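Working notes, structure below.
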Amino acid sequence: MTSAGAPATPILHIDMDAFYASVAVRERPELWEVPVIVGGGYRGVVLSANYLAREHGVRSGMPATRARRLCPQAVVVAPDHELFGRVSTAVVETFRRVTPLVEVVSLDEAFLDVSGSVRRLGPPVEIAEQVRATIHDEQAITCSVGVAATISVAKLASKRAKPDGVVVVPPEEITTFLHPLDVGELYGVGEKTRAMLHRLGLVTVGDVAHTPVRTLQRAVGDHLGRHLHGLAWGDDRREVVAGSSGAFGLGGAEPDRSMGAQETFGRDVDDRTVVLRELLRLTSTVTGRMRVAGVAGRTVTLTVRFADFTTITRSRTMSEATDVTQEVYRTATALYDALGLQRARLRLVGVRVEGLAPRESVHHQHVLGEREHGWSEADRAVDRAARRFGSAAVRPASLLS
DNA sequence: TCTGGGGTCCTAGGACCC
DNA sequence: TCTGGGGTCCTAGGACCC
């Protein structure tokens, strides 16, 4: 690489190693050489497991019951999201000292475009090692870094680098790197799509690369077919966008399109009163967050998961966007009652508001606005009290037990 | 004691409009 | 009077990611 030109591999994907578990162990040094599982409470799943637990087959996302069967000697730690958030913020600050072009994917993962940093800090691989050393010194946790010309290859490279390493994929080695991988490694290929592709005899990324786009599209849909064929050849033009990206990584630093909350009951519920109380609690959580963000939304979606895990959604779009708890709750209740459930056992309910837009951009009809004015004022009074005394201090009467 | 919670995007059908 | 084509919105479900 010349000092004047842009680096051939300017993108870093930095991924904390077993982030929650590493932070938990850091806080409790006696767990250093013990299998550790974070999360996994009642009816829960594993949020993170350290490498000693992974040796027994424990994986994040796995039902807690299964994890405990696989590794009964593991210590299970409750997650401390506030702590994880603080560590994450500190780590991201370290990234931003390298470059302003930091795209935060989640608490434990980010992309950095270091094109503009090589003159000051050296080639990308050296920047990667500097960042790793800094995080290790300051936070006492390790991370892995993938270095490549594109986002998708950098991400795959960081996975290969785990734990506690760096992998660089130069441009001329991209297909050599990609083609032996299982198709399931590609971004956007989950369990279902992987099984579908395997049934067609497409096992490796190379197989996908050498399949006509039309064939892929018939198998997995127009969009995904085209997307996968591109990725299989390392074709990924997405740039690092400063800010936080959504889970799918396409939005980049854009405001939320929806906000929601859901809850799995401790025990399955068939009592309408209990369900409605939970819907009110979830709704006030969501609308409270909406008001903090200064957004309102038009579509309310109710999610219901039955005891057998089948899940349905029902949605209704209102003529006016709202952030008013009572309006969203009324809509959610109507959707629930329209299901006509008779003693069906529910495992989970959820409420989501979609079609969010900045509140000030939302047109208000005066007649409707006046009718709802009282509720809106009530919400704002609740918000003020919650800020002053904590959210537990103010809640609807029906949530008082 | 099987399977969390926060999201995004895609697909597909029907309604509706031009 | 046998019937097009495109665009947008709404709804429901599904897949995926962290």
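In what follows, chains carry the letters A, B, and so on, assigned in the order in which the sequence lines appear, proteins first and then strands, with residues in each chain numbered from 1. Keep in mind the model is a prediction, meaning the values are calculated, not measured.
Residues of residues 35-59 of chain A that place a heavy atom closer than 4.0 Å to DNA chain B, in numerical order, are A/Y42, A/R43, A/G44, A/V45, A/L47. For the segment residues 260-288 of chain A, residues with any heavy atom less than 4.0 angstrom from an atom of DNA chain B are, sorted by number, A/G260, A/A261, A/Q262, A/E263, A/T264. For residues 190-220 of chain A, proximity to DNA chain C is found at A/G190, A/E191, A/K192, A/T193, defined as any non-hydrogen atom under 4.0 angstrom from a strand atom.
At the phosphate of C/dA12, neither OP1 nor OP2 sits under 4.0 Å from any side-chain N or O atom of A/T313. Between A/R347 and B/dC2, a side-chain N or O to OP1/OP2 separation shorter than 4.0 Å is absent. Within the 4.0 Å cut-off from OP1 or OP2 of C/dA12, at least one side-chain nitrogen or oxygen of A/S315 is found.
In this view, A/S258 and A/R352 satisfy the side chain to side chain donor-acceptor pair (under 3.5 Å) rule, not counting sequence neighbours. Residues that satisfy the side chain to side chain contact (heavy atoms under 4.5 Å, CB included) test with A/V382, not counting sequence neighbours, are A/V394. In this structure, A/R388 has no salt bridge (charged side-chain N to carboxylate O under 4.0 Å, His left out) partners at least two apart in sequence or on a different chain. Residues meeting the side chain to side chain contact (heavy atoms under 4.5 Å, CB included) test with A/T176, sequence neighbours left out: none. The side chain to side chain contact (heavy atoms under 4.5 Å, CB included) check on A/V34 picks up A/V75, with sequence neighbours excluded. Contacts of A/E82 classified as side chain to side chain contact (heavy atoms under 4.5 Å, CB included), with partners at least two apart in sequence or in another chain: A/D80, A/R86.
Identified under the ring pair (Phe, Tyr, Trp, His ring centres under 6.0 Å) test for residues 267-323 of chain A, with sequence neighbours left out: none.
Remark: P of C/dG13 and CG of A/L302 are 11 Å apart, rounded to the nearest angstrom. Here the P atom of nucleotide B/dT3 and the CG atom of A/L346 are 16 Å apart, to the nearest Å. In this entry the distance linking CZ of A/R69 with P of B/dC2 reads 9 Å, nearest Å. Rounded to a whole Å, the CZ atom of A/R345 is 12 Å from the C1' atom of B/dT1.
A cation-pi contact, defined as under 6.0 Å to the ring centre and within 45° of the axis, is absent between A/R267 and A/F265.
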Go ahead and write out DNA chain C as dot-bracket, 5' to 3': ( ) for pairs within the strand, [ ] for ones crossing earlier pairs, | when the partner sits on another strand, dots for unpaired; Watson-Crick or G-U wobble, both distances under 3.5 Å.
....||||||||||||||
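Nearest-nucleotide positions on DNA chain B for A/S60 and A/D256 put A/S60 closer to the 5' end. Checking A/G221 against A/A307, the closest nucleotide of DNA chain B that is more toward the 5' end is the one next to A/A307.
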Can you check nucleotides 7-9 of chain C for protein contacts, nitrogen or oxygen pairs under 3.5 Å, and list what you find?
none

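The side chain of A/F309 approaches B/dT3 more closely than any other nucleotide in the set B/dC10, C/dC18, B/dT3.
Here, B/dT1 and C/dC17 have their P atoms 31 Å apart, quoted to the whole Å.
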